[in-house]
2 protein chains.
Amino acid sequence: MSDALRTAVSRPATLEDVARVAGVSRSTVSRVINGIRNVDLEIQETVRQAIAATGYVPNSAARSLVTRRAGSIALVLSGVAGEVEDEDTARNRVLTDPFFGRALSGVVGALRPRGLHPLLMVADTAEARDQVVGHLKQGGADGAVLVSTDPEDPLPSRLVEVGMPVVLFARPVRPIPISYVDLANRDGARLAADHLAARGCRQVAMIGGPAGVPAAQDRLTGFREAMARHGFPYVPCIEGDFTQRGGELAMERLLAENPGLDGVFAGNDLMAQGAMFVLHEHGRRIPDDVAVIGFDDSSAALASRPRLTTVRQPVEEMAAELTRLLLARVENPAGPVTSVIFEPSLVVRQSA
Amino acid sequence: MSDALRTAVSRPATLEDVARVAGVSRSTVSRVINGIRNVDLEIQETVRQAIAATGYVPNSAARSLVTRRAGSIALVLSGVAGEVEDEDTARNRVLTDPFFGRALSGVVGALRPRGLHPLLMVADTAEARDQVVGHLKQGGADGAVLVSTDPEDPLPSRLVEVGMPVVLFARPVRPIPISYVDLANRDGARLAADHLAARGCRQVAMIGGPAGVPAAQDRLTGFREAMARHGFPYVPCIEGDFTQRGGELAMERLLAENPGLDGVFAGNDLMAQGAMFVLHEHGRRIPDDVAVIGFDDSSAALASRPRLTTVRQPVEEMAAELTRLLLARVENPAGPVTSVIFEPSLVVRQSA
DNA sequence: ATGAAAGCGCTAACAC
DNA sequence: GTGTTAGCGCTTTCAT
């Protein structure tokens, strides 16, 4: 094989190669590729053929270097504060959470039409957070969708400070200039309360999420407010940690303290599922003895028996909208900070 | 603000800036950053200070352009052939599958020490597959970890053909030169068979995975072989699709055809869970009337009552090893093609 | 041990 | 409408 030919085979084609084959200049080829008008139609065709003939694919590094666009965005899972668990277990739990899968699906769906893909980053330690910030500052991604499980997570503000386009899934604890999507959590809790009240429950309790999480607070507040309107001024609540096990523990305590309980509202489906297991163990029939309502409408809701009545959170749509918010910010970093609040709905199944 | 200062503030520092501040040349700074020896210790220190002072972060596009390394790898979920479902639903199902979360966790864990992050790509349509191939050829990633749900998926061979470093989760249907990790599925099935036989089950059946999937075939073969050794030459099997719903459907049929059934082995936990629901509905006690064994040891196994006895697949470790296999190939594309087979173990809980 | 200089492949002024 | 040219920020010979 001649040296010339060998080179032609092994080295990926460049714009220069295409230009030579088409008999035009680099710029013209570049224009055709980037869909810029002002190019003669015949020449366009010639160029296209040359591209096909050479098997040319634009080099993204070269393009990024000059456009200053990475052409990818980061999906950051942050604040996985592991106190008891080790790092691997914590990461595992978050990535296995059905909520995460749905969010991911929404992000991927919104990115697809633009030909983009998310860079997945897990920032569960201080070191990992630094790495994430570094990676983004390097231009590793054009922006970040942040899903933070820890309300005290410092990452959102840090990223905003360095001028990165960032958006947040859920309202930040402290007000910072950042776009976000969230659910009308109080409305969701009200839906649950109304349903329980309408069923005739007279002694209801709640299994709440971690006290520091705004969404958990809102759900508790909303639930208590609505129950108060129904004539039940006091609703006991035990704090859970959004895991099934947490739901089990909370339910045990709730049952011990309120044996006459006939309704439970859990801050998410996983905890509701745990609660149902415990109720079952204690011989309570669901929904006849105790009605149970969850939150999220995750896969866990359908994968439990009886099927879980739950407050649906349109996670996929929320994540998709959030991604579009980010993309808008990447296009125009000086644009307005927006937030979009979604409305929950009650999905009535068998548990209440 | 003066023009000069404004520039200094807004524009990220470059190697040149650092060099000027440190009073050395670009090359020297580059050497320090890349940890190349042959640099005077004092100068190294000066350079480090200059880096800190300027807040310099290397530009990854520029680096990639010259090194021809993207510094990221792709995690491709492929072959999500949706015939009944629409695209969104299919993507959702895969991303929400507990198996996926565990695999992702393993990949992330293996990448972290190298400071790398996975680019997540879902290739569920022919168009999406082209996009993935294009992205990789562009240099969007240095290699790909492929998790393929469809045995007929053309992506593995395509990627291998274009010379991309690729590795596969699970043995390819047709032999192609590709590194992979897999589980000793037949051994796993044998574990289940032995346990069921030891319990005294006399009429067992299986809910298999899709017939075209090698792992599903191996589990069926292994189960039948082992049961035959225990004196049960024929084991009925209904094919499921690895979803809970599929498990329910299969169990209904199995029960209709074999009312005297006292043991069921399901190809994965999700189907086992569905089977348990159906058995429960039909008044069968688990494990007293019918013993049930799943496969995977996914989160579903713990999230069911009774807790599922299952064949554990060390997905996280497998994914981590797979990632290391890929990294090795990226380092040395001419290196050997390797496959690593992991051993399953039986996790005995309550269902059998 | 350090510096000078040549690109990597592309886009975007700018000129024609 | 098309070509010429000047970089983008970095690594890497090659001199020194």
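These numbers come from the heavy atoms of this one structure, side chains and all, not from hydrogens, waters or symmetry mates. Chain naming here is simple, since letters A, B, ... match the order of the sequence lines and numbering starts at 1 in each.
Atom CD in B/E16 sits about 13 Å away from atom C1' in D/dG7, given to the nearest Å. Atom CG in B/D17 sits roughly 13 Å away from atom C1' in D/dC8 (whole-Å rounding). If you take OH of B/Y56 and C1' of D/dT11, they are 10 Å apart, rounded to a whole angstrom. Straight-line distance from the CD1 atom of A/I36 to the C1' atom of D/dG3: 14 Å, rounded to whole Å. Following rounding to the nearest Å, B/L15 (CG) and C/dT2 (P) show an atom-to-atom distance of 15 Å. We find that CG of A/L41 is positioned 12 Å from C1' of D/dG1, with the value rounded to whole Å. The distance from atom CG of A/N34 to atom P of C/dT11 is 5 Å, rounded to the nearest whole Å. Atoms CZ (B/R20) and P (C/dT2) sit 20 Å apart, rounded to a whole Å.
Considering only side-chain N and O atoms, B/S25 lies nowhere under 4.0 angstrom from the phosphate OP1 or OP2 of C/dT2. Side-chain nitrogen and oxygen atoms of A/N59 include none within less than 4.0 Å of the OP1 or OP2 phosphate oxygen of C/dC8. Distances shorter than 4.0 Å separate some side-chain N or O of A/R68 from OP1 or OP2 on D/dG9. Under 4.0 angstrom from either OP1 or OP2 of D/dT11 there lies at least one side-chain N or O belonging to B/S30.
Of the candidates D/dT11, C/dC10, D/dG1, the closest approach to any side-chain atom of A/T14 belongs to C/dC10. Nearest to the side-chain atoms of B/D40 among the listed nucleotides C/dG9, D/dT2, C/dA1 stands C/dA1.
Electrostatic pairing of A/R112 and B/D124 counts as a salt bridge here, judged by a charged N lying under 4.0 Å from a carboxylate O. The pair B/E317-B/R102 does not count as a salt bridge, with every side-chain nitrogen at least 4.0 angstrom from each carboxylate oxygen. Remark: B/R158 engages B/D130 in a salt bridge, criterion side-chain N to carboxylate O under 4.0 Å.
Scanning both residues, A/L136 and A/A144, for their nearest heavy atoms gives CD1-CB, 4.1 Å.
Here A/N38 lies in heavy-atom contact (under 4.0 Å) with a base. Looking at heavy-atom distances under 4.0 Å, B/R26 makes contact with a base.
Side-chain to base pairing of A/S27 with D/dT4: one donor and one acceptor N or O lie within less than 3.5 Å of each other. One N or O donor and one acceptor, one from the side chain of A/R31 and one from the base of D/dG3, sit under 3.5 Å apart.
Annotation: of the two residues near DNA chain C, B/T28 and B/L65, the 5′-most nearest-nucleotide partner is B/T28. Mapping A/I33 and B/G23 onto DNA chain C by nearest heavy atom places B/G23 closer to the 5' end of the strand.
When only modelled atom types and interatomic distance are considered, B/D86 and B/T89 share a side-chain donor-acceptor pair under 3.5 Å.
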